[in-house]
Amino acid sequence: MKGSTYVQGNSKSPETGRLPSSALRAPSPFEQGEAEDVAIVGGGIIGVCAAAALAEAGRKVTIFDRTGICEETSSGNAAAFAFSDVLPLAHKGMMRQLPKWLADPLGPLSIPPAYLPKLLPWLIRFWRAGAPGKYEASLAAQAGMMKLAEAEWMGLLDRSGTRGMLREDGSLELYESEAEFQAGLPGWATRERFGIGFSHVGREELAALQPGLSPRFVKGTFVPGWKTVADPKLLGKAVWAHAQTEGARFEIARIERVATNPEGAALTLADGTTRQARHLVIAAGAWSHLLARQLGDRIPLETERGYNTTLPTSAFDVKRMLIFSGHGFVITPLETGLRVGGAVELGGIERPPNYNRSKALLQKAQKFLPGLDPSGGCEWMGFRPSLPDSVPVIGHASGNRSVVYAFGHGHLGLTQAAATGRLIRELVLGQTPPIDLAPFSPHRF
């Protein structure tokens, strides 16, 4: 079974999603001739958390999405609250790995040759983001964001009654050689600067932390503060149920155009109808920059296409998230299955999925966990909206403060969603955010 892909704002793509019966909407104020207070484009985890935060503050919120709540990219991620993952992608370790990874068409990073000319400007920005000054600025911004993210998620889990979906088993990063372990030490030293706890472990301790590992792994790093959730799609829907109790609404619609006017913003739907909103939040993931461009903001967002296979829970007894950094993928035990996925394919939003990448990850997983049963899996591909410096865009559109952007979280959308929701609430309410938003400015490019 193949996973579907998200097509918010892309008129050339067919409708592939289904609206769950639990998300059937009540009549929108728009249909009664009224302007909406806050319209959010995008029903993924970022949009859901923004809706929850705004609804809790007493604002009337409607989410617009072509498929449903957390039915697309937010449904198939690795389920991690990766609060310790503060290193921007453009760090020295990754730059050293690029030539080797690109040489393998099914390796951790792939770029279809035909897409390279279009991607080149983004790659240049990505390379420049690794310069010491820019790297340190991105690192500091991410560290501050992660501290806020953890606090906001713990609060939201409690308010939404979803704390029981949280798993606090830590993560285990694995190394196949002493050289690979040594290469990762600078990154761990950087995390230590920001108070992130971890411990390096030898082969004997690895066996206790994860029985059944291949003996090829000689060392590991255990991060006790790493958290996961029982299932990211189910968590997103549960948070949305909480937002609904606070008055948030959902309307299934594909947004074709956005524009600003003296009253706020106007949205044009695929059926030609329009909606008016006093405030507009654009949180449409990998399609967000296309809508921002209509408002005059050119934001260099690129799409990391991620692949996974979710196996039955009986496939292997994985104790906690396993991270194979040298191969660019993870294995996460979920309530609903065992998810094997990761890797990056920089190929845009229009190319068809290459599920050979999912199969390649599964073959590696069998080598690393020799007792793994690879049968009965569900393959999936989703789009990670990524910016060159690994820092999301959170801020007002140029020329009109009624529009707020919230996108570009890359691999960290689930992790940073509750913090982003809090920040969006403060921007809409005109209040002072709890962290400096200058590093997240849409205009920093």
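Keep in mind the model is a prediction, meaning the values are calculated, not measured.
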Are any of the side-chain nitrogens in [X] or [Y] under 4.0 Å away from the carboxylate oxygens of its partner?
X	Y	value
Glu335	Arg167	no
Glu136	Arg193	yes
Lys237	Glu71	yes
Lys359	Glu379	yes

Do [X] side-chain atoms and [Y] backbone N/O form a donor-acceptor pair below 3.5 Å?
X	Y	result
Ser390	Leu89	yes
Lys227	Gly225	yes
Arg305	Gly348	yes
Thr190	Pro186	yes
Arg444	Ser441	yes
Gln294	Val258	yes
Arg216	Ser177	no
Thr228	Leu334	no
Glu246	Ala52	no
Asp373	Ser314	no

For residues [X] and [Y], determine if any side-chain heavy atom of one lies less than 4.5 Å from a side-chain heavy atom of the other.
X	Y	value
Val223	Glu173	no
Met146	Thr415	yes
Tyr135	Pro88	yes
Arg249	Ile63	no
Ile45	Asn77	no
Trp153	Thr162	no
His289	Arg298	no
Glu176	Ser214	no

Before giving the answer on side-chain contact (heavy atoms from CB on, under 4.5 Å), spell out for Met154 and Arg163 the whole-Å C-alpha distance, their side-chain angles and the decisive distance to 0.1 Å.
-> CA-CA 8 Å; Met154 296 308 108; Arg163 175 71 78 139; 3.6 Å; yes
Please report the interatomic distance [atom1]([X]) to [atom2]([Y]), rounded to the nearest 0.5 Å.
X	Y	atom1	atom2	answer
Ile394	Ile46	CD1	CD1	7.5 Å
Lys319	Gln210	NZ	CD	7.0 Å
Ile282	Ile40	CD1	CD1	11.5 Å
Ile424	Leu54	CD1	CG	8.0 Å
Ser84	Trp188	OG	CH2	6.0 Å
Phe440	Ser138	CZ	OG	9.0 Å

**Request:** Go through the steps to decide whether Tyr175 and Thr221 satisfy the test side-chain hydrogen bond (donor to acceptor under 3.5 Å, both in side chains), and finish with yes or no.
**Result:** CA-CA 9 Å; Tyr175 311 102; Thr221 302; 3.0 Å; yes
Indicate the atoms forming the closest heavy-atom contact of [X] with [Y], along with that distance.
X	Y	value
Ser288	Ala283	OG-C, 3.9 Å
Leu361	Gly342	CD1-N, 3.7 Å
Gly326	Pro108	O-CG, 4.2 Å
Gly236	Val48	O-CG1, 3.8 Å
His443	His396	NE2-O, 3.1 Å
Glu304	Leu346	CG-CD2, 3.8 Å

Practice item. Take atom CZ of Arg159 as the centre, draw a 6.0 Å sphere, and report whether it contains more than 12 heavy atoms from other residues, nucleotides or ligands. Key: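 Result for CZ/Arg159: enclosed.
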message = Counting only heavy atoms not in Lys364 (residues, nucleotides, ligands), do more than 12 fall under 6.0 Å from its NZ?
response =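 Yes, the 6.0 Å shell around NZ holds more than 12 heavy atoms from other groups.
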Please walk me through it: do Leu338 and Thr310 pass side-chain contact (heavy atoms from CB on, under 4.5 Å)? CA-CA 5 Å; Leu338 187 66; Thr310 302; over 6 Å; no
Next on the checklist: Under the criterion side-chain contact (heavy atoms from CB on, under 4.5 Å), I'd like the reasoning laid out for Leu362 against Leu311: C-alpha separation, chi angles, the key distance, then a yes or no.
Outcome noted: CA-CA 10 Å; Leu362 195 55; Leu311 301 170; 3.8 Å; yes
Review point. Given Phe222 and Arg320, is the side-chain contact (heavy atoms from CB on, under 4.5 Å) satisfied, shown in steps?
Key: CA-CA 10 Å; Phe222 176 60; Arg320 53 185 50 82; 3.6 Å; yes
Trace of the ring pair (Phe, Tyr, Trp, His ring centres under 6.0 Å) decision for Phe368 with Phe316: CA-CA 12 Å; Phe368 299 159; Phe316 198 93; over 10 Å; no
Test the Arg125-Trp122 pair against the cation-pi criterion, namely NZ or CZ under 6.0 angstrom from the six-membered ring centroid and within 45° of the ring axis.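 Negative - Arg125 is either too far from the ring of Trp122 or too far off its axis.
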* Check against side-chain hydrogen bond (donor to acceptor under 3.5 Å, both in side chains), Glu302 and Tyr115 -> CA-CA 11 Å; Glu302 190 47 67; Tyr115 194 71; 2.7 Å; yes
- Task: Could you check whether the rings of Trp287 and Phe383 sit parallel, tilted or perpendicular, using 30° and 60° as the cut-offs?
- Result: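 Ring orientation, 0 to 90° scale: perpendicular.
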